[in-house]
Each structure stands twice: as structure tokens, then as C-alpha cells.
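Have a look at the structure below before the remarks.
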Amino acid sequence: MLKKIMPLYKNSILYSEKPNHISDKFYILFDESERNWLAIPKINLTERELNLLQMLYELVNIPSMALTSLSKKWYEFLLSNGSIPSQNSESHFRFIQFHIKGHGVDQEEIESAIKGFFSDEVQIIWEDIHSGIVIEESRQLSLTESELTSIADTLESDFYVKVSFYIGKLYPFSSHLRTQFQQEKAYFEFAKKNLTTTNIMTFEKIFPAFVAFNLPEHIKDKVNIELSNVFTEDPELYLTIKVFLENNLNASLTAKKLYIHRNTLQYRLDKFIEKTGVQLKDFYGAFTVFLACLLYELDNVHKK
């Protein structure tokens, strides 16, 4: 059937075997019954035609860059349900996902730049022109969260693109790696959609917001009534409390970050306590108010 569709789209290419890599200027459709792949130039397809074709065929991602033998095995394992690559069974791995926001992304140049910061032995695979994965073995781990922040800043200044990273956990080598990676991928997708205040993400940073986002509506309503509505009435209070919590209840550091006098900070903290009746002197108060901050952010800040 794809063979009959091909003449409708100029410069389309039909493959009887899955191509190893192909330009990112093509959509790839897979016909499972006939086991062939059709590459159609993106400029030749309207959104409506693409949606229609996706109802008939599977739209697949194929790397736009040539992969090494090992990278190809990781790609097939993590993204195409392939068999697990051959590795030392006692090894541990972590996945650093990255997403590049911007036009005119040059994959080769950006990959070369990213590789310059990591060990030569890491594997880099691309899901599409904007997203990729750095695969590190435990003995290759070298970069801290702050160093990745510097890398993101460097890439932004050199290539005029915004880069965000999700630093995965370290996992033992096993067939569970795919599932663990897919879960981290879901967290990263959630963060890209709902959290925009940081470009370096970890499980610890994302999971509280993920939990808050998925709370039942009646629980969210209770939090809003008890606390979050105060932020709706006074958004400046929200920012003050959020920065205060993020700085471990340190008043001096918070005042410095907000460029305000300590007395002004204390006035705002007293105002919040007076309105809510919740103290911010220990873990329990901080945790409760932090939950309210997350819900307020998800409902207001990131939707603007």
C-alpha cells in the first residue's frame, strides 16, 4: 500500500529494509503487513495528511545521523524494543537526556560539543533533531549538576539554542534498563511541559511537582483553600515564600536573592503566617507550604 502512496509525494523513498539513518527532513511511515518503510519529505505533507497517514501506518523515528555499532544497539534497545546490548553484567549506567529548543539545530556540531564535555567512551543517540540521550557507564561519570548547568549555558551562547538536561539515576545493567529509562523519559516530558524555571532536572526536582500535578482534584481544592489562594491574592507573596523555601529557610540568602532588605522579607513572612496560620519554622510547615507552591505554579505560573 505504501508503494501506491509513494507517487503522490515527490522525492519520497520506499525502503524494503529499515534504514539505519535518514535526514530529519523526512517523516518515516512503517507498514507492518508488508514490512516496508516510506520516507516522505516533511514539506510535502500537511498536518491533516500526516494525521490521516498515522491512522493507517506507524510513524517511526529513525536517527538522522549514522550510529556506531554500540550506539545503534542502545538505540534499538531503548527506543525500538530491541535486545539489550552486550555489556559487562556488573556495570551500572545512567542516562542523561537532553532537549534542544531552537531553530536550525546542527546535530553534528552540537553532538561534537557535548562529547567534548564527557568521557570519550559515552554513547550519544538522538531520538529526533531536538532530543537525544547520553549513555554513561558508572566508571565514566564525571559531570556534576552545576557543571551541566555550565554546559547548557555554553551551548546556549555558542549555538543560540536553549538546552535542558535530565540527569537520570544510576542503574545496574539489566533488562530493566529500558523500563527505567522510559519512566525517566516520562518525567522529562512532564517537566518540559510543566516546569520551565530550570534547565537541569533530576528525579528529586521533578517528582514532587509530578505528584502534586496528579493529586485528585478534591485534594488540590483543599490545598488551594487552605494555602494557595493566598498566593492568588498576592503573587509577590508566592515568590517570596518559594525562594525562602528553596534557600532552606535562610533569611539572609533569601533577601539577597530577592534584592530586598531583611526587614521587608520578615514583613512578608509574617504576613503569610498571619493569613494562613502556618508556621515556617520546621520541616512540616515547609513541606506543607512547598506543596501549595507547587500547585500554584502548575496552575498559574507555567500556564502563562
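All values derive from a computational prediction rather than experimental measurement. Nothing fancy with the numbering, it's 1 onward along the sequence.
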If you round to the nearest 0.5 Å, how far is [atom2] of [Y] from [atom1] of [X]?
X	Y	atom1	atom2	result
I135	I125	CD1	CD1	4.0 Å
L265	K256	CG	NZ	14.5 Å
F98	H130	CZ	NE2	12.0 Å
Q182	L78	CD	CG	7.5 Å
E226	L291	CD	CG	11.5 Å
F165	M201	CZ	CE	11.0 Å

Can you get from [X] to [Y] by hopping between Ile, Leu, Val, Met, Phe, Trp and Tyr side chains that sit under 4.5 Å apart?
X	Y	answer
Y9	L14	yes
V278	L269	yes
L295	F290	no
L50	L56	yes

In residues 214-224, what donor-acceptor pairs under 3.5 Å come from side-chain atoms, sequence neighbours left out?
from, atom 1, to, atom 2, distance (Å)
N214, ND2, F210, O, 2.7
K220, NZ, F213, O, 2.8
N224, OD1, S228, OG, 3.2
N224, ND2, K220, O, 3.2

Which atom pair, heavy atoms only, marks the closest approach of [X] to [Y]?
X	Y	answer
L249	L280	CD1-O, 3.7 Å
Y27	L45	CD1-CD1, 3.6 Å
S16	N36	CA-CB, 4.4 Å
L2	F30	CD1-C, 4.3 Å
Q54	L59	OE1-CD2, 3.6 Å
L8	K4	CG-O, 4.3 Å

Indicate yes or no: at least one non-hydrogen side-chain atom of [X] is less than 4.5 angstrom from one of [Y].
X	Y	result
Y57	I5	yes
F181	L79	yes
R262	S252	yes
L70	Q87	yes
I273	Q279	yes
I110	V163	no

Identify every side-chain donor-acceptor pair in residues 170-180 under 3.5 Å, counting partners at least two apart or on other chains, and give the distances.
from, atom 1, to, atom 2, distance (Å)
Y171, OH, E184, OE2, 3.0
S174, OG, H176, N, 3.1
R178, NE, F77, O, 2.6
R178, NH1, N81, OD1, 3.4
R178, NH2, F77, O, 3.4
R178, NH2, G82, O, 2.5

Exercise for review: Please report the C-alpha distance between K3 and E34 in whole Å, then the side-chain angles of each, then the deciding distance to 0.1 Å, and finally whether the salt bridge (Lys or Arg N to Asp or Glu O under 4.0 Å) criterion is met.
Suggested key: CA-CA 10 Å; K3 195 173 182 179; E34 298 186 358; over 6 Å; no
Does [X] [atom1] have over 12 foreign heavy atoms under 6.0 Å away?
X	atom1	result
Y267	OH	no
E76	CD	yes
K162	NZ	no

Check your understanding: Does a salt bridge link K192 with E189, judged by any charged N lying under 4.0 Å from a carboxylate O?
Key -> yes
Practice item. For L155 and I114, run side-chain contact (heavy atoms from CB on, under 4.5 Å): C-alpha distance rounded to whole Å, both residues' side-chain angles, the deciding distance at 0.1 Å, then the answer. Key: CA-CA 8 Å; L155 294 174; I114 291 176; 4.0 Å; yes
Review point. Aromatic ring centroids of F93 and W74 under 6.0 Å?
Key: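 Yes, they do, as the ring centres are separated by less than 6.0 Å.
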Point to revise | Working for side-chain contact (heavy atoms from CB on, under 4.5 Å), residues L53 and I40 | key: CA-CA 11 Å; L53 287 170; I40 302 176; 4.2 Å; yes
What pairs of donor and acceptor atoms, side-chain ones from residues 239-248 against any protein atom, are under 3.5 angstrom apart with sequence neighbours left out?
from, atom 1, to, atom 2, distance (Å)
T240, OG1, E236, O, 3.0
T240, OG1, R268, NH1, 3.0
K242, NZ, E246, OE2, 3.0
K242, NZ, E297, OE2, 2.3
N247, OD1, K257, NZ, 3.1
N247, ND2, V243, O, 2.8

Practice item. Spell out, as yes or no, whether a donor-acceptor pair under 3.5 Å connects the side chain of D282 to the backbone of G285. Key: yes
Practice item. Using atom types as modelled and distance alone, determine if a side-chain donor or acceptor of E121 lies under 3.5 Å from a backbone N or O of E136. Key: no
Practice item. Evaluate side-chain contact (heavy atoms from CB on, under 4.5 Å) for V289 paired with T276, printing each intermediate quantity in order. Key: CA-CA 10 Å; V289 176; T276 63; over 6 Å; no
Point to revise | Among Y166, F95, F190, Y187, the one residue meeting ring-ring contact (aromatic ring centres under 6.0 Å, His included) with F203 | key: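 With F203 as partner, Y166, F95, F190, Y187 yield a single ring-ring contact (aromatic ring centres under 6.0 Å, His included), made by Y187.
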Check your understanding: Any idea how H99 and F188 line up, ring-wise: parallel (<30°), tilted (30 to 60°), or perpendicular (>60°)?
Key ->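 Ring orientation, 0 to 90° scale: perpendicular.
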Exercise for review: Could you walk me through whether M55 and N51 pass the side-chain contact (heavy atoms from CB on, under 4.5 Å) test, one step at a time?
Suggested key: CA-CA 7 Å; M55 295 173 69; N51 290 335; 5.9 Å; no
Practice item. Assess the side chains of Q266 and D270: does a donor N or O sit below 3.5 Å from an acceptor N or O? Key: yes
